[in-house]
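Contents: one structure, followed by commentary.
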There are 2 protein chains.
Amino acid sequence: MTTRTALLDAAEHAARTRGFDAFSYADLSRAVGIRKASIHHHFPAKADLAHALISRYRESFALSLKSICEMNETAGARLSAFLDSYRSALSGGEAVCLCVAFSTGRDSFQDPVLAELDGFHRDCLAWLENVFTQALQDKSVSGAGAADAEASACLALVEGAQLIARAARDPRRFDDATTVFRGRLVNRN
Amino acid sequence: MTTRTALLDAAEHAARTRGFDAFSYADLSRAVGIRKASIHHHFPAKADLAHALISRYRESFALSLKSICEMNETAGARLSAFLDSYRSALSGGEAVCLCVAFSTGRDSFQDPVLAELDGFHRDCLAWLENVFTQALQDKSVSGAGAADAEASACLALVEGAQLIARAARDPRRFDDATTVFRGRLVNRN
DNA sequence: CCGAACCTACCTACTAGTAGGTAATACGTG
DNA sequence: CACGTATTACCTACTAGTAGGTAGGTTCGG
């Protein structure tokens, strides 16, 4: 584990539990065990850290979506796995996904970071739209409408459910909010 | 318009567009036109301002839900008006409702504020559950399931839709995310 | 004359970021 | 192999700026 990776991990955890603006280089230095100034060696400005964080997250999320497709055949099973991944990102109701964390504090960011954030959203919506298009064929999602509308609704639902669960520090709120949607998924694989 | 009200208005605007932790007393003082120290006369600590903000918001939101019920008969029409109120709170994609804004920055708050925030959520869910229960009777929401699950999903949907719309600075994202749900509402009144 | 509302001037704590130095390690060349 | 040179990774010590908050005085209407 390199120092750089340790810094990214600590920063991601802090951003997801408290928000990107709510942790300082001093916090990071305590968490990782190097001096505050040394962090600037790895990430000269906090904006550089933000960019590294979101782009690493975007890559790993793309891999995770790919793996969901490999391990699940039907649209219903894929969406169910998608819900699971957002649910597990809550980690006990303490955290939200980095995308939600960055969305809420968007003003602090400049172009390169914003572009990456928008890219993340686009990736995610495109994947969902694909899966909902598939659902129209394989009938594994009951009452499925237009794929693009379903995709937008699905993303808003999971992000809103995360927000509410974290606000209440209770991951069951996520389950409550996604019960109806889960009921629409035909879970054969 | 009293100074106190002007302060609350400016603070609410700032909290909804940028987040509660992202504006300072110095910002407020510029917006309202009194010195920074004078704000402490009205709200000794920023926590007092937070409490005043959320409790005023909770009250006014309760009134607005009441008024929705008075002006709309069916559950479908009421939910449609509910969506409208969240949609208009976006004000061009710049803002989110205060409840979303406070949810995202929850860590900065202490008990009295958190209690008020939880109260807001409870109020909102109770109202929605009532309306969805009504929907089972008046058939004005197609495919309606258990009222509590529908209520949770609806709240997560509108909050998530606000988050996404503000992240993209584009209120149409809210419409995209709520298209499917709107399609389920039978809009006779 | 009292108190609400406001002021100037200040404080402490913390922020991101910089300047400049020190080890250790890697690298190319005679 | 040995020697000089970069480079990496870290350090101490500092800056300028901003945060929320306080002390104490002024102004003014009831």
Side-chain angles (χ1 to χ4, degrees), chain A residues 1-54 56 98 101-102 104-114, chain B residues 1-56 98 101-102 104-114 116:
Chain A
M1 166 99 87
T2 66
T3 302
R4 185 190 158 88
T5 307
L7 283 169
L8 284 173
D9 290 346
E12 180 173 328
H13 182 259
R16 286 174 50 179
T17 51
R18 294 183 286 144
F20 185 79
D21 292 325
F23 73 88
S24 68
Y25 270 31
D27 297 329
L28 280 191
S29 104
R30 255 167 262 134
V32 172
I34 63 172
R35 295 292 161 171
K36 187 174 78 73
S38 308
I39 303 176
H40 287 281
H41 170 70
H42 299 277
F43 305 102
K46 214 183 172 189
D48 300 313
L49 175 59
H51 188 261
L53 265 188
I54 188 72
R56 181 178 83 149
L98 199 63
F102 270 54
T104 63
R106 211 192 127 108
D107 309 281
S108 1
F109 305 124
Q110 260 91 22
D111 260 5
V113 177
L114 293 183
Chain B
M1 166 100 87
T2 66
T3 301
R4 185 190 157 88
T5 306
L7 284 169
L8 284 172
D9 290 347
E12 180 172 328
H13 182 260
R16 287 175 50 181
T17 51
R18 294 183 288 143
F20 185 77
D21 291 325
F23 73 88
S24 67
Y25 270 31
D27 297 329
L28 280 191
S29 103
R30 255 167 263 134
V32 172
I34 63 173
R35 295 293 162 170
K36 187 171 76 77
S38 308
I39 302 176
H40 289 280
H41 171 71
H42 299 277
F43 305 101
K46 213 184 173 190
D48 299 315
L49 175 60
H51 189 260
L53 265 187
I54 189 70
S55 88
R56 181 178 82 150
L98 198 64
F102 270 53
T104 63
R106 212 193 125 110
D107 309 282
S108 1
F109 305 124
Q110 261 90 22
D111 260 5
V113 177
L114 292 184
E116 208 68 29

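A note on names: the letters A, B, ... follow the listed sequences, proteins ahead of strands, and every chain is numbered from 1.
Residue contacts for B/Ser38: at a heavy-atom cut-off of 4.0 Å it reaches a base atom on one of the strands shown. Residue-level contact check: A/Phe43 touches neither bases nor backbone, having no heavy atom under 4.0 Å from any strand.
Close approach of DNA chain D to chain A, defined as any atom under 4.0 Å from a non-hydrogen atom of the protein, starts and stops at D/dT8 to D/dA13.
Relative ring orientation between B/Phe20 and B/Phe102 is described as tilted, the plane-to-plane angle lying within the 30° to 60° band.
Atom CG in B/Leu28 sits roughly 14 Å away from atom P in C/dC6 (whole-Å rounding). Taking atom CD1 of A/Ile34 as the reference point, atom P of C/dA23 lies 19 Å away to the nearest angstrom.
The 12-atom threshold is not exceeded at NE2 of A/His13, counting heavy atoms of other residues, nucleotides or ligands nearer than 6.0 Å.
The minimum heavy-atom distance between B/Ala6 and B/Met1, with the atom names listed, is N-SD, 3.8 Å. Here the closest non-hydrogen pair linking B/Ala47 and B/Val113 is O-CG2, 4.0 Å. Across all non-hydrogen atoms, the minimal contact from B/Tyr25 to B/Lys36 is CB-CG, 3.8 Å.
Looking only at side-chain heavy atoms (C-beta outward), B/Thr2 and B/Leu7 stay at 4.5 Å or farther from each other.
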